[in-house]
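Please read the structure below before turning to the comments.
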Amino acid sequence: MNRDRTSRRLPVFMSFVVGLILTIMPLPEAIEAFRPNWLAILVIFWAMQLPHTWSVGTAWIVGIILDVSQGTLLGQHALALCCVAFIIVRFHLLMRVFPIPQLTAAVFPILAIYQFLLFWINGVAGVDTPLIVYWGPIISSTALWPVVIILLSNLRYGKRSG
Amino acid sequence: MVASRENNNSPGRIPALGLRFLGLVFISILLMYLDNRDDHLDTVRRNIGATVYPVRIIVDAPIRLWIWLGESVTSRNDLEQELAQFRAERLITHGRLQKLNALEAENARLRAMLDARSKVRDRTRVAEIMSVDANPYNHSLVINVGTQDGIFDGQALVGADGVIGQVIKAGLMTSLAMLISDTDHALPVEVNRNGLRTIVVGTGTIDSLELPFVVNNADIHIGDLLVTSGFGGAFPAGYPVAVVDSVTRIPQEPYAKVTAMPAASLGQVREVLLVFSSTNKDEEATEDE
């Protein structure tokens, strides 16, 4: 039982570490504004697949780590990711049966809400941000979503059958 | 197997989800409020920041390895050329330094006569910029030193050619610094030629700064060097900041439109100097250097 739990949690944990690496990895100035919200994508995926193990609590902890690594207001990403996780967990049964194109269309507004929360908090705290930084990540994250979901599903279900 | 086991017990119902969610939202808002208000959470931030340190090292490693490889396979010819260049530079700087020593002594004498505190040399510490992107919302970078090296919030960052920025969040082993090109950054400067004091503000573009408070009839020209004035306390005086590259005077406006180009190439630096200015707590350390 215990070993089963660790072996089940390891892929999720590793995916979050890789996500964090991708988030703070340097990118060329030109595509910097289009860096996908890797951790938001991961939270969406895992909350949808395993809502009993990975839901709002995990999302909150991931968000706090993101806040610290990016020097943003402590709790900003935590709150945004928490909301994302909440929406996903509420609708996870519905979303699981969506085919990939429809799921991608559903992920787009959720990512938009995530970015909106971040920007709203920035606005309240008085941080000025250009518009491209708002839309860039939403577009790139949505575009990458099908690829990521196929990769992660392989990681998860491949393990199960093997 | 795993998924089916999870689905078996009451599918779709996560116990106390709404309650947990509201609790976490409340904690987040409380944290943000406290964080925005004052610095009570600095130690918390530092401790959590230490857990992110390994990830930063992992991200930084390939780039460091690449640079190291590049250096290891440089041809002998290139190295010799570089060495010759360094020798020439060393000779020139040494020549200047001799003069500087004399000038420093003279300055100290004059200051003694005027009864002012002597403050010519600042203690510095070299830090490397980690190849880690920080906050996408502003111009910032991560350096590989922290509070355990004596770094503190607000410390000045200087490159080989001029001022780069200042530390905004000193962590335990790494710190976050804001570039002078950030829109939130303002820096008190003076024109080196005539001592005209003004403020340089970042524009959000890495190679441009603006001087919003220069009156129309002020004596400022293209090519003027701006140096830190030392007002405001964060930056020691006399470090080059930027060179004025355009002055537009509009007669009906109270202020002229002045832009300047940073003296340091903000996008390309790899090593920076952290200045412990002698007005800070390291007063004694300055004396024995």
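As a basis for the values below, the full set of heavy atoms in this structure was taken, side chains included, without hydrogen atoms, waters or symmetry mates. A, B, ... follow the sequence lines: proteins, then strands. Residue 1 opens every chain.
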Please report, to 0.1 Å, the donor-acceptor pairs under 3.5 Å made by any side chain of residues 169-177 of chain B, with sequence neighbours excluded.
{"residue": "B/Lys169", "atom": "NZ", "partner": "A/Gly71", "partner atom": "O", "Å": "3.1"}
{"residue": "B/Thr174", "atom": "OG1", "partner": "B/Arg56", "partner atom": "NH1", "Å": "2.9"}
{"residue": "B/Ser175", "atom": "OG", "partner": "B/Val145", "partner atom": "O", "Å": "2.6"}

Quick one: which of [options] has the most heavy-atom pairs under 4.5 Å with chain B, could you say?
options                            : value
A/Gly57, A/Pro137, A/Cys83         : A/Cys83
A/Ile65, A/Val68, A/Ile64, A/Leu74 : A/Leu74
A/Val124, A/Leu73, A/Val56         : A/Leu73
A/Cys82, A/Ala78, A/Ala85          : A/Cys82

State, to 0.1 Å, how close [X] and [Y] come at their nearest heavy-atom pair, and which atoms those are.
X        : Y        : result
A/Ser141 : A/Pro36  : OG-CA, 3.4 Å
B/Leu17  : A/Arg90  : CD2-CD, 4.0 Å
B/Gly150 : B/Phe276 : O-CE2, 3.4 Å
B/Leu209 : B/Ile180 : CD2-O, 3.5 Å

Counting distance only, does the side-chain N/O of A/Gln76 pair as donor-acceptor with the main-chain N or O of A/Leu118 below 3.5 Å?
->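 Checked: pair present.
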
Donor-acceptor under 3.5 Å (A/Arg96 side chain, A/Gln49 main chain) |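 Yes, A/Arg96 side chain to A/Gln49 backbone: donor-acceptor pair under 3.5 Å.
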
Positions in residues 97-107 of chain A that reach chain B, provided some heavy atom is under 4.5 Å away |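 Answer by number: none.
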
Kindly indicate whether the side chain of B/Gln155, heavy atoms from C-beta on, has any atom under 4.5 Å from the side chain of B/Val275.
-> no

For B/Leu69, does the CG atom sit with more than 12 other heavy atoms under 6.0 Å from it, leaving out its own atoms?
-> yes

Side chain, backbone, both or neither: which part of B/Leu24 has an atom under 4.5 Å from a heavy atom of chain A?
-> both

Can you say whether A/Ile121 sits under 4.5 Å from chain B via the side chain, the backbone, both, or neither, judging by heavy atoms?
-> side chain

